[in-house]
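Below you'll find the structure, written out as structure tokens, and then a few comments.
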Amino acid sequence: MGNIQFGFVVFEKCFQCNGVRTYFTQEGIAILGDEYREGDHFWHRVENAQSFRFELTCSRCGLRENYDDLMGLFFCTGCMSDCKVEFLRQQLEASRAHLILACGFLGENQSKPKQIATAKLEKLAAYFNQRRDPLRARIAIYPFDLEDGFAHCKGEFLHDVGMLSQTPVTSRQSPF
Amino acid sequence: MTLQELIEKIGLKPLSKFQDRAVTGVYISDMVSDVMAGAKSGDLWLTVQTHKSIVPAANLVDVAAIIVTGGKAVPAETLEIANKYDIAILSTTLPTFPLVGKLYESGVRAR
């Protein structure tokens, strides 16, 4: 893992169209509550989370893979027994693999976050598995595709929310 | 040095169920993203962060245990997920710096 850039994932909502979008910024402080006009939109920052972006480089062949399109990793907590992600999680747990979902950024005209290519996620999983003790368990990373269940999902983004706040965060709302 | 040996030697308090394993290093950070980028398998993760997202981060990079320093209370929902995935969460009333001293005295080193 190299070219690590720490910054913020910002969640913005438009007052006019109710659209939501997310993006990565390297601003020193991503101020919550910032409002600004952009064309027909009036964006309001509703959430931010400290995060980072990076690229992976193969130490054998030098091949680089860039993960600028990765908004974050998402951990299934098994909150809905009839969720297809929970089915997958249970299947993977039976073979000693932990399920992580990879989530792309959400564009202003999209209802779901962008999917990230499976081949890239396989490389990311291979990277984390190389860092792990292979005898214990492995990591499996799948594209984020919760579809209808997303509004009810209580899974956990691996982000640092509220790190700039003087008030401790006790709970987190769904960012979308 | 194993987790159980450190628990007994330093007086750490286990808050979740776990399997004993070797401790091979230490990583100190209160940022989940920093741990994802830098912690190594077998590390002890020293933090004051107690939100439940510390559990999947610990699981992702396969740290040996999370040690919550300064006697900070760990929410029940964090422990619930930790128990579900056998992630060891240990607690100490010691602030981070003196705990690092005790770990060093015990032979644990950063890598």
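Each chain gets a letter, A, B and so on, in the order its sequence line appears, and its residues count up from 1. Only heavy atoms go into these numbers, but all of them, side chains included; no hydrogens, no water, no symmetry mates.
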field: Contact origin within A:Leu158 toward chain B - heavy atom pairs under 4.5 Å
entry: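 Both parts, heavy atoms under 4.5 Å.
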
- prompt: What part of A:Arg131 lies closer than 4.5 angstrom to a heavy atom of chain B: side chain, backbone, both or neither?
  reply: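 Both backbone and side chain.
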
query: Got a sec: does the NZ of B:Lys102 have more than 12 other heavy atoms crowding it under 6.0 Å?
result: no

message: So for atom NZ, which belongs to B:Lys13, do other residues, nucleotides or ligands contribute more than 12 heavy atoms lying within a distance under 6.0 Å?
response: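 No, the 6.0 Å shell around NZ holds no more than 12 heavy atoms from other groups.
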
- request: Please state whether the side chain, the backbone, both or neither of B:Leu60 comes within less than 4.5 Å of a heavy atom of chain A.
  value: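 For B:Leu60, backbone and side chain are both near chain A.
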
task: Pick one of side chain, backbone, both or neither for B:Val35, based on which atoms fall under 4.5 Å of a heavy atom in chain A.
output: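 Backbone of B:Val35 only, per the 4.5 Å heavy-atom cut-off to chain A.
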
field: Criterion side-chain contact (heavy atoms from CB on, under 4.5 Å) against B:Leu12, the qualifying member of B:Leu3, B:Leu44, B:Thr92, B:Leu94
entry: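 That would be B:Thr92.
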
query: So is A:Lys120 actually on top of A:Tyr67's ring, under 6.0 Å and inside 45° of the axis?
result: yes

- request: Determine the option with the most heavy-atom pairs under 4.5 angstrom with chain A, choosing from B:Ala37, B:Ala57, B:Pro75, B:Ala39.
  value: B:Ala37

- request: Examine the side chains of B:Thr47 and B:Asp30 and answer whether a donor and an acceptor come within less than 3.5 Å of each other.
  value: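 The answer is yes; a qualifying pair exists.
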
